[in-house]
2 protein chains.
Amino acid sequence: MSGNRDGATLEQVAARAGVSRQTVSNALNAPQRLHPDTLDRVRAVIEELGYRPNRNARGLRTRSTGMIGYRMTPRDRGVLTPLMDDFLHALCAAAEARDRHILLFTAPLGEPGLAVYDDLLAQRAVDAFVLAETVVDDPRPGWLAKRGVPFAAFGRTWSPGQAGPWVDVDGAHGMREVVRHLHSLGHRRIGFLGWRQGDGVGDDRLRGWTEECTRLGMSTEDGLVVRGANTIEAGRRGAAVLLDAEEQPTALVAVSDAVALGALALLAERGVPAGSGVAVTGFDDSPLAAATLPGLTSVRQPVERIADQVLSLLDNTSETGSLLRPELVVRASSERR
Amino acid sequence: MSGNRDGATLEQVAARAGVSRQTVSNALNAPQRLHPDTLDRVRAVIEELGYRPNRNARGLRTRSTGMIGYRMTPRDRGVLTPLMDDFLHALCAAAEARDRHILLFTAPLGEPGLAVYDDLLAQRAVDAFVLAETVVDDPRPGWLAKRGVPFAAFGRTWSPGQAGPWVDVDGAHGMREVVRHLHSLGHRRIGFLGWRQGDGVGDDRLRGWTEECTRLGMSTEDGLVVRGANTIEAGRRGAAVLLDAEEQPTALVAVSDAVALGALALLAERGVPAGSGVAVTGFDDSPLAAATLPGLTSVRQPVERIADQVLSLLDNTSETGSLLRPELVVRASSERR
DNA sequence: CTGAAAGCGCTTACAG
DNA sequence: CTGAAAGCGCTTACAG
């Protein structure tokens, strides 16, 4: 009657099935070693008793928990990053599909928080990490790789020879799609509301805008680019700058939904109809993009596929990186002119 | 050289400190039993070797992992519930402060999801659960209580004699504060944009509006209440109904930030200045409330305190429930008239 | 105050 | 194909 709370232990299953503990273990971990009849009998008892192996015992023996560590960063007030919440959910589901679980932890923002990673490893609380919100020159990939800890990152560190496998979204490709879409609607002068220089993600997205505008023979002059923080307010101010310029753009491409929201707010203030008047696009396809009025054309990040690939990379050490294509989602903020 | 990856085992610490394994264990778990000198010596070696007890081994022995299970629910498209993300972060931090961690999982809502709770328990992957997003007649508290599983809930089930401890926010109190605030600004006719009847949280908030309006001698007639979904669009439609009524309210109290955003959008469309024209308030103080233009007056849920109390209730079985007071955050959407 | 022993529940070589 | 033995790293009574 000891063992799992109400649940059976391997020993109890063995006794009831009339086999040794070893055989029950094999039924679970190496079923091909058992005679089909034995296997059936053992499985029936496992089912009957609702037996599930004790994770601690298994982990102690195999030197692995089924746990994957994931650091949650606090949200800054006024900054919208709903994407990461969606990613976390997708990651959680993908882990379960592999019979693993996510162990959540926090670490001070900015600070790499490597001590926390070290501690979790020393306790053997996790056997791998998923990294997200990687930044330029992020120290984590190198640190983990040096120690031989399995990990995979959602996001690049934008440094040559990045350590370890990663999955990322091709932001430049997404922006090229946006520009092509606007061009097809008749826009010939398109402004860009970006983040400050030096942010890998932001610079990558800007590159897409630049490349596609150039390819289509549209201007990419300095006056068409305004940079700022990832806030609604920054988007509003940036949009004002672009629309007050001598030569107005007819479309505003924002580096993120938050920034695009600011542009929409400015247009509303000025009574300019977003979409039919000046087109606005965002990036990330946050829930707000669908909810806002008019709906915001945006670029959806395939979080489920990202999560799935990140977890695949944890086991498969041969691959190094992969770039996923995001998908353009057209809404009323970019209508036919 | 075996043991933790690079890390030491208890045995190695003991050898180096010249004591038995038992003494090292005591240094960790019952330091008062050791002679101060011995304790210092052992601690020095622990520090030197960077020793951390193996969680699997400890868990196997003590029949407890340091893990607390938390179910993540997927976000519906178009619905904004950023509060739960903030709560999850706070919960994570609060767990760490108690040397525990959050194990994340997903599960279908309602009865079917119980199988996942059962499975986690059978594997001894967690030793407690934190419940959130409880709904009317949520089956989980009763199910867990019956099995003697430690748990605590953020949120009531709104059923008499709810099983197990819970922490919740006094939504009615928050709404009374909102109404008092608007009344002090000179508003004498206040509309309510709510959710559909039957939602415990929504009904509770509506009650606060009703009570305080009544106390201050303001009308609570049916025509002042419009109900709908928790979306921006529903808020926009509801606001239109109230403002098109014969006797217009001068302030719109929304049951959530998402709904309030819809009201703000409608005012913007109609060129009515939110704040100085018609006041609008929300609830939850989501990041958007601070970012929107004008800033949205809202009611902030004390997620850190909620998380802390929920975890306290996990250990302290004497208490049953506690209601926390949210805090009014005034912004430009409710200015002096 | 300190130590030798038992055991938590599992898996992994190794015999038979 | 199946079983007896060892051991993962810790903690908990129990002696001394």
Side-chain angles (χ1 to χ4, degrees), chain A residues 1-43 45-46 49-66 99 121-125 127, chain B residues 1-43 45-46 49-66 99 121-125 127:
Chain A
M1 289 306 93
S2 79
N4 282 343
R5 194 179 296 271
D6 313 315
T9 66
L10 195 153
E11 174 124 43
Q12 293 168 336
V13 173
R16 185 161 188 109
V19 296
S20 72
R21 283 156 47 193
Q22 151 74 334
T23 300
V24 180
S25 180
N26 278 338
L28 258 29
N29 303 307
Q32 76 288 355
R33 287 202 201 152
L34 266 55
H35 188 90
D37 293 351
T38 316
L39 185 56
D40 283 352
R41 190 153 39 95
V42 173
R43 282 190 170 156
V45 176
I46 286 175
L49 300 182
Y51 170 71
R52 300 287 278 126
N54 180 312
R55 278 203 177 244
N56 279 322
R58 172 177 271 181
L60 178 57
R61 185 62 238 241
T62 62
R63 298 170 160 288
S64 76
T65 65
D99 201 26
L121 245 21
Q123 295 181 70
R124 300 205 146 273
D127 38 44
Chain B
M1 290 304 94
S2 79
N4 283 342
R5 193 180 297 270
D6 313 315
T9 66
L10 196 153
E11 175 124 43
Q12 294 168 334
V13 174
R16 186 162 187 106
V19 296
S20 72
R21 284 157 44 194
Q22 151 76 334
T23 301
V24 180
S25 180
N26 278 337
L28 258 28
N29 303 308
Q32 76 287 354
R33 287 199 201 153
L34 265 56
H35 188 88
D37 294 351
T38 315
L39 185 56
D40 283 352
R41 190 154 38 97
V42 173
R43 281 190 171 155
V45 176
I46 287 175
L49 300 182
Y51 170 71
R52 301 287 278 128
N54 180 311
R55 278 202 178 244
N56 279 322
R58 174 178 269 180
L60 179 57
R61 185 62 239 239
T62 62
R63 300 171 158 288
S64 76
T65 67
D99 201 27
L121 246 19
Q123 294 181 71
R124 301 206 144 273
D127 38 45

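Chain letters run A, B, ... following the sequence lines, proteins first, then strands; residues in each count from 1. Just so we're clear, the structure is a prediction, and the values are computed from it rather than from any experiment.
The side-chain heavy atoms of Val24(B) and Val45(B), taken from C-beta on, include no pair separated by under 4.5 Å. In this structure, the side chains of Ile46(B) and Val42(B) come closer than 4.5 Å at one or more pairs of heavy atoms. By the 4.5 Å heavy-atom criterion applied to side chains, Leu34(A) and Arg43(A) are not counted as neighbours.
The separation between Asp37(A) atom CG and dC1(D) atom P is 12 Å, rounded to whole Å. Taking atom CD of residue Gln123(A) and atom P of nucleotide dC8(D), one finds them 20 Å apart after rounding to whole Å. Atom CD1 in Ile46(B) sits about 10 Å away from atom P in dC10(D), given to the nearest Å. Distance Tyr51(A) OH to dG9(C) C1': 7 Å, rounded to the nearest Å. Distance, Asn54(B) CG to dC8(C) C1': 13 Å, rounded to whole Å. Protein atom CZ of Arg55(A) is 17 Å distant from nucleotide atom P of dG9(C), rounded to whole Å. Per the geometry, CG belonging to Asn26(B) stands 14 Å off P belonging to dC10(D), to the nearest Å. Atom CZ of Arg21(B) and atom P of dA13(D) are 17 Å apart (whole Å).
Arg33(B) comes within contact range of at least one nucleobase, with a heavy-atom separation under 4.0 Å.
Nearest approach of Val19(A) to Arg41(A), heavy atoms of both residues: CG1-NH1, 4.1 Å. Closest approach of Arg55(B) and Gly66(B) over heavy atoms only: NH1-CA, 3.4 Å. Contact detail for Arg63(B) and Arg124(B): the closest heavy-atom pair is O-NH1, 3.6 Å. Between Asn29(A) and Arg58(A) the shortest heavy-atom distance is OD1-NH2, 3.3 Å. Nearest heavy-atom pair across Tyr51(A) and Leu10(A) is CE1-N, 3.4 Å.
Of all nucleotides listed (dT12(C), dC1(D), dC10(D)), dC10(D) comes nearest to the side chain of Arg61(B). Here the nucleotide nearest the side chain of Ser20(B), chosen from dC10(C), dT2(C), dG3(C), is dG3(C). Across dC1(D), dG3(C), dG9(D), the shortest atom-to-atom separation from the side chain of Leu60(B) is found for dG9(D). Distance from the side chain of Arg58(B) is smallest for dC10(D) among the nucleotides dC10(D), dC10(C), dT2(D). For Thr62(B), the listed nucleotide lying nearest its side chain is dT11(D); candidates were dC10(D), dT12(C), dT11(D).
Residue Asn29(B) places at least one side-chain N or O under 4.0 Å from the OP1 or OP2 atom of dT11(D). For dG9(C), neither phosphate oxygen OP1 nor OP2 lies less than 4.0 angstrom from any side-chain nitrogen or oxygen of Asn56(A). Of the side-chain N and O atoms in Arg63(B), one or more sit less than 4.0 angstrom from OP1 or OP2 of dG9(C).
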Item to check | Pair pattern of DNA chain C in dot-bracket, where unpaired bases get dots and | marks partners in another strand, Watson-Crick or G-U under 3.5 angstrom | outcome: |||.||||||||.|||
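The base of dG3(D) lies close enough to the side chain of Gln22(A) for a donor and an acceptor atom to sit less than 3.5 Å apart.
In terms of position on DNA chain C, the residue among Gly18(B) and Ala57(B) whose nearest nucleotide sits closer to the 5' end is Gly18(B).
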